[in-house]
Amino acid sequence: MDAAEFHAEVYRIAALIPVGKVTSYGHVAKLIGMPNYSRHVGQALKFLPEDTDVPWQRVISSSGAISSRGPGTDGARRQREALEAEGVEVSEGRGGELKVDLRTYGWFPASIEAAAPEEDDEEDENDAQ
DNA sequence: TCGATGACGTATC
DNA sequence: AGATACGCCATCG
């Protein structure tokens with residue numbers, strides 16, 4: 001798997017996340033089939049331009065926290081704004097620690113197939129109940 | 001080549 | 001629940 005392909009997979013999966021839901025870097029990595037590449041998922045999202053269609057804001061850490069990305073960057077703040085705009089509650093603890101309740105807003109499908117009900121229309125699909 | 005680092009995760013304390 | 005330790009692996013200096 002090439003780095004570019006990895007990025008593409010990350011973006012594809014991120015695009016599958018329903019509005020109002022969030023998932024974790026690690027879970028995206030798992031869906032791709034590379035469970036230990038959680039850090040690289042974040043790395044891939046870092047490459048996204050500001051005008052992207054990819055809902056990168058719906059990907060947070062497995063603990064439900066929005067990573068600071070370092071002081072001086074407004075990424076975390078924008079992420080909070082975007083999530084709240086989608087109806088996701090973002091708790092703010094002491095010092096501006098942003099966290100999302102995964103118990104409520106978490107989205108963790110077991111596989112990409114489960115995540116993408118209709119990816120292709122050409123393939124024969126067996127009816128799920 | 002090596003060591004430090006990072007939009008991370010899990011196990012422990 | 002919050003903090004620390006350690007594992008992970010590509011990228012950087």
Side-chain angles (χ1 to χ4, degrees):
Chain A
M1 154 103 51
D2 197 292
E5 292 184 60
F6 181 80
H7 287 186
E9 291 297 298
V10 171
Y11 303 151
R12 180 149 66 95
I13 292 175
L16 299 176
I17 307 173
V19 176
K21 291 288 182 178
V22 296
T23 191
S24 69
Y25 301 100
H27 197 78
V28 172
K30 276 184 185 177
L31 291 180
I32 296 177
M34 304 174 102
N36 293 8
Y37 279 65
S38 47
R39 310 191 85 124
H40 301 264
V41 172
Q43 198 136 205
L45 294 179
K46 190 176 70 170
F47 281 73
L48 289 170
E50 295 191 24
D51 56 14
T52 183
D53 291 329
V54 179
W56 57 273
Q57 67 271 22
R58 296 175 200 156
V59 184
I60 62 181
S61 74
S62 131
S63 56
I66 298 179
S67 307
S68 333
R69 252 102 102 207
T73 59
D74 60 329
R77 186 187 57 76
R78 288 190 347 212
Q79 185 164 5
R80 192 247 277 244
E81 303 283 318
L83 286 177
E84 288 183 334
E86 296 180 351
V88 176
E89 292 184 57
V90 179
S91 319
E92 180 169 3
R94 156 202 69 60
E97 176 176 296
L98 306 174
K99 283 173 65 178
V100 175
D101 187 0
L102 295 180
R103 194 187 44 181
T104 303
Y105 302 103
W107 181 79
F108 302 100
S111 66
I112 296 185
E113 289 73 28
E118 301 123 73
E119 184 93 1
D120 279 318
D121 49 356
E122 312 260 16
E123 288 294 331
D124 53 320
E125 295 293 329
N126 2 21
D127 265 21
Q129 61 291 30

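Side chains are part of it too, since the values below use all heavy atoms of this structure and drop only hydrogens, waters and symmetry mates.
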**Q.** Selection from B:dA7, B:dG9, C:dA10 that lies nearest to any side-chain heavy atom of A:S38
**A.**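 From the listed options, B:dG9 comes nearest.
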
**Q.** Proximity to the side chain of A:A3 - top-ranked nucleotide from B:dA7, C:dT11, C:dC8
**A.**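 The closest nucleotide is C:dT11.
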
Whole Å only: how far is the [atom1] atom of [X] from the [atom2] atom of [N]?
X	N	atom1	atom2	answer
A:D2	C:dA10	CG	C1'	13 Å
A:I66	B:dG6	CD1	P	19 Å
A:F108	B:dC8	CZ	C1'	13 Å
A:N36	B:dT10	CG	P	10 Å
A:R69	B:dC8	CZ	P	8 Å
A:M34	C:dA10	CE	C1'	11 Å
A:L48	B:dA7	CG	P	14 Å
A:K46	B:dT5	NZ	P	15 Å

Q) Hey, does A:S67 reach any base, or is it just sugar-phosphate, or nothing, if we go heavy atoms under 4.0 Å? A) sugar-phosphate

Does a nitrogen or oxygen in the side chain of [X] sit under 4.0 Å from OP1 or OP2 of [N]?
X	N	answer
A:K30	C:dC8	no
A:Y37	B:dC8	no
A:T73	B:dA7	no

Q) Is a side-chain donor or acceptor of A:Y11 paired with a backbone partner of A:A44 at a separation under 3.5 angstrom? A)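 Indeed, once roles are kept as given, a pair shorter than 3.5 Å links the two residues.
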
Q. For the side chain of A:T23 and the backbone of A:W107, is there at least one donor-acceptor N/O pair under 3.5 Å apart?
A. yes

Q) Quick one: do A:E9 and A:R12 make a salt bridge, cutoff under 4.0 Å? A)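 A salt bridge links A:E9 with A:R12.
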
Q | Parallel, tilted or perpendicular: ring planes of A:H40 versus A:F6, cut at 30 and 60 degrees | A | perpendicular

**Q.** Given DNA chain C, 5'-ward residue of the pair A:Q43 and A:K99, judged by closest heavy atom
**A.**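 Between the two, 5'-proximity favours A:K99.
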
Q) Are any of the side-chain heavy atoms of A:I66 and A:L83 separated by less than 4.5 Å? A)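 Result yes, sub-4.5 Å side-chain heavy-atom pair found.
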
Q) Do A:P109 and A:H27 come within less than 4.5 Å of each other through their side chains, counting heavy atoms only? A)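 In contact.
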
Q.
Name the residue from A:R69, A:R58, A:Q57 that meets the side chain to side chain donor-acceptor pair (under 3.5 Å) definition with A:Q79.
A. A:R69

Q. In residues 53-65 of chain A, which residues come under 4.0 Å of DNA chain B by heavy atom?
A. A:W56, A:S61, A:S62

